[in-house]
Q: 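Mind looking over this structure? Questions follow.
The shown structure was predicted, so the numbers you read here are calculated from the model rather than taken from an experiment. Each chain gets a letter, A, B and so on, in the order the sequences are listed, and its residues count up from 1.
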Amino acid sequence: MRGSNQRPVLAAEIHIVRFLRQGGYATHYANYPKRFHMVGLLVCNYKNAKTVFFDLITLQFYTLNRSKSSPLVVVVLPHGKRWSLRAARIEFHLDYPFSRPNGLCPLYLRPVLAHFMGKEITSRAEDYSQWYLDLVKKADLAENSDVRGCMVIKPYGYSVWEKMQQGLDQMFKDTGHTNAYFPLFVPKSMFEAEEKNAEGFAKECAIVTHYRLKSDPAQKGKLMVDPEARLEEELVVRPTSEAIIWSTYKKWIQSYRDLPILINQWANVVRWEMRTRLFLRTAEFLWQEGHTAHATRAEAVAETEQMLHVYADFAENFMALPVYKGRKSESERFPGAVDTYCIEAMMQDGKALQAGTSHFLGQNFADAFDVQFTSKEGKLEKVWGTSWGVSTRLMGALIMAHSDDDGLILPPKLAPIHVVIVPIFKNEEELARISEKVNGLVKDLRARGLSVKFDNRDTHKPGFKFAEYEMRGVPVRLAIGPRDLENGTVEMARRDTKEKKVVKLGDVAALIRPLLDEIQQNMYQRALNFRNEMTTRVDSYEQMKHVLDTKGGFVLAHWDGTAQTEAAIKEETKATIRCIPLDASEEKGVCVYSGQPSVQRVLFARAY
RNA sequence: CGGGGUGUAGCGUAGCCCGGUAUCGCGCUUGGUUUGGGACCAAGAGAUCGUCAGUUCGAAUCUGGCCACCCCGACCA
């Protein structure tokens, strides 16, 4: 972190240095190495009227002067440190401190302290990707593990994933699929059978070459790979399971009576990525992969489309995430597929995210693995296939689509906790009185099928809990204290809008379900409005570049359908064809790049 | 694989130029006062300074090798 980020000297900086030279804290400042600049200073009367000094280098603060007569707070930001919006707010006030030392209130300081004490996350405006990483960590969703590129999904994060699994799994079952499990390892010869598929994943495969370790004679207590335990044939750790599954299907399919096969598996896969980001791209990730086999082309195509709609349905109704459905261009197609369908979502920073794919495999895998069946007419025919999947990447989509600077915002249908109840109490007796009321409420809410948490820990203050559950995205919070006890009320707060209102204790149970529905709806509407706002129709290349550079988001533009044009646009703008929308009306036009005729607009965007 | 950077307590770090086993904060523990939006005060625990070797009476600090990680490219979604 220590570093080389250069930034322009602020006008305020000059004031400060001058100020310091005139006395004050110049001596303290002088103790620090010259290579660090003092770039911010704030004078205010902090609550306890003590002096806090930020270490120039580490941005840590500590008390310099405990004298209550010196109500001075000095905030110093070092040269080259990561900036925050909060810090920027201080800059804004730099014109003031010297003229009115007591004029600034601690309100501006407290967020700064909180931020640097690790209690806050980076704001979206300041650094979107840092915000994302902070959020994932602070909301207790996941963390980096000691294994490069692999993450630990923490209990809270996994609970959300489980909710997704439940929703999807039910939808798969409802469309006639059953779950099964196939091995993690795929023999290399089997893996390479479908050439395009193998080629597409070859560069990111982990390979098992040995099956035994032994103690290292050269280093006591250390192990080494036993060179004598080399596998006859290497095993590929599955990056996807078409190979192993189709080689199995071959054994299962003889007659048209054996079809269709509609199988899904929940599994982990490994793709050795160069650069990883929590949830969005990790070397190992969790997903589901559906693999179906059909007697006819039409049936397989219908399955592919059906599952695309299942995904879109899930995204919209569970994740509150509107998506565009479409087909991939040839260059973006899944290796080994004849056609790839996808759903594309818009993130708050204007970048697109592919949230799910469904592939029509044609007879490619039937060819590769020689999977044939005898039809009703007694003819030997090749099987048609599909595969479709969504992964823990959906977690990334969920986070980046909805959350704010205070943390995660979860749609009620995926929230592990629907309602958290925070008691406000001074002593045990008061807590007991509150608990009595709350216990009845909890029972009532649970009877209504809601997941409720009563956080009666006495080790944390209410304010801390408020912030914590906001960070975790719990949709509804109820707070109940002595005042409420007296009035028979409870404070009800919703996470999506931060609205709070006081309602009658007796009414609250009946209010929650409708409120959750409203939150779910509101989140979808908000995301939809944003997505629509971030979708721009353009009719020239100039306009397209301008929109991509200034506004971002999706761009609907005419394309001549050639890979060359697609590649050129990608090269020049970094934007790719996200999909050829399914529901777009035909519209004659000319390609924004080449001027060649085009029959419909396609969706471009910079993407994750 | 190219260019740059960094390894010191669970986390973030100071110290390194100019050698004398280590700074500060968060967090943690204990006690007290607190509790309607991230409490305060006090006391305490916690580090073989990435690793191996060299120089030296003495190495976090100087020298060399190795390892790991991060950032920017390249690759990939």
Q: For the C1' atoms, the ones on B:rG20 and on B:rU56, what distance do you get once it is rounded to whole angstrom?
A: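 That atom pair is separated by 12 Å.
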Q: Check this for me: does the side-chain of A:K426 come within 3.5 Å of the base of B:rG36 through a donor and an acceptor?
A: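 Side chain to base: no pair present.
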Q: For a quick check, tell me whether the side chain of A:E470 and the base of B:rG37 share a donor-acceptor pair closer than 3.5 Å.
A: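 Per atom types, the contact qualifies.
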Q: Can you tell me, in whole Å, how much space there is between the P of B:rC1 and that of B:rC18?
A: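 Approximately 35 Å lies between the P atom of B:rC1 and that of B:rC18.
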Q: Checking A:E242 against A:N197: is there a side-chain donor and acceptor pair closer than 3.5 Å?
A: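 On atom types as modelled, these side chains do not qualify, holding no pair under 3.5 Å.
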Q: For A:E195, enumerate each residue passing the salt bridge (Lys or Arg N to Asp or Glu O under 4.0 Å) test, keeping only those at least two apart in sequence or located in another chain.
A: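 So A:E195 forms no salt bridge (Lys or Arg N to Asp or Glu O under 4.0 Å) with any residue.
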Q: Would you say the side chains of A:E332 and A:T340 form a donor-acceptor pair under 3.5 Å?
A: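 Side-chain D/A pair, A:E332 to A:T340: absent.
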Q: Could you work out the separation of B:rG25 and B:rU8 based on their C1' atoms and round it to a whole Å?
A: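 Pairwise C1' distance, B:rG25 against B:rU8, rounds to 15 Å.
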Q: When rounded to the nearest 0.5 angstrom, what distance separates CD in A:Q354 from OH in A:Y608?
A: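 Between atom CD of A:Q354 and atom OH of A:Y608 there are 15.0 Å.
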Q: So which nucleotide from B:rG37, B:rC76, B:rG36 ends up closest to the side chain of A:E204?
A: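 Ranking B:rG37, B:rC76, B:rG36 by closest atom to the A:E204 side chain puts B:rC76 first.
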Q: Judged by each residue's nearest nucleotide on RNA chain B, which is more toward the 5′ side, A:A467 or A:Q354?
A: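 Mapping each residue to its closest nucleotide by heavy atoms, the 5'-most match is A:A467.
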Q: A:E430 CD to B:rU34 P: how many Å, rounded?
A: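 For the pair A:E430 CD and B:rU34 P, the rounded distance is 13 Å.
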Q: Between A:Y156 and A:R472, which heavy-atom pair has the shortest distance, and what is it?
A: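 So the minimum-distance heavy-atom pair works out to OH-O, 2.7 Å.
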Q: Toss me the dot-bracket line for RNA chain B: Watson-Crick and G-U wobble, both under 3.5 Å, 5' to 3', using | for pairs to another strand and [ ] for crossers.
A: (((((((..(((.......[...))).((((((.....)))))).....(((((..]....))))))))))))....
Q: Does the side chain of A:K203 get closer than 4.0 angstrom to OP1 or OP2 of B:rC75 through an N or O atom?
A: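 Indeed not, no polar side-chain atom of A:K203 lies that close.
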Q: State which residues pass side chain to side chain contact (heavy atoms under 4.5 Å, CB included) with A:A206; sequence neighbours excluded, sorted by chain then number.
A: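 Side chain to side chain contact (heavy atoms under 4.5 Å, CB included) check on A:A206 returns A:V237, A:V270, A:W272.
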Q: Expressed as a whole number of Å, how far does the C1' atom of B:rG15 sit from that of B:rA47?
A: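 The answer is 14 Å between these two C1' atoms.
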Q: Would you mind reading off the distance between A:D406 atom CG and B:rG38 atom C1', rounded to a whole angstrom?
A: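 Atom CG in A:D406 sits about 11 Å away from atom C1' in B:rG38.
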Q: Can you check whether A:F334 and A:F201 have ring centres sitting under 6.0 Å from each other?
A: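 Centroid separation for A:F334 and A:F201: below 6.0 Å.
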Q: When you match A:N427 and A:A607 each to their closest nucleotide on RNA chain B, which lands nearer the 5' end?
A: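 The residue closer to the strand's 5' end, by nearest nucleotide, is A:N427.
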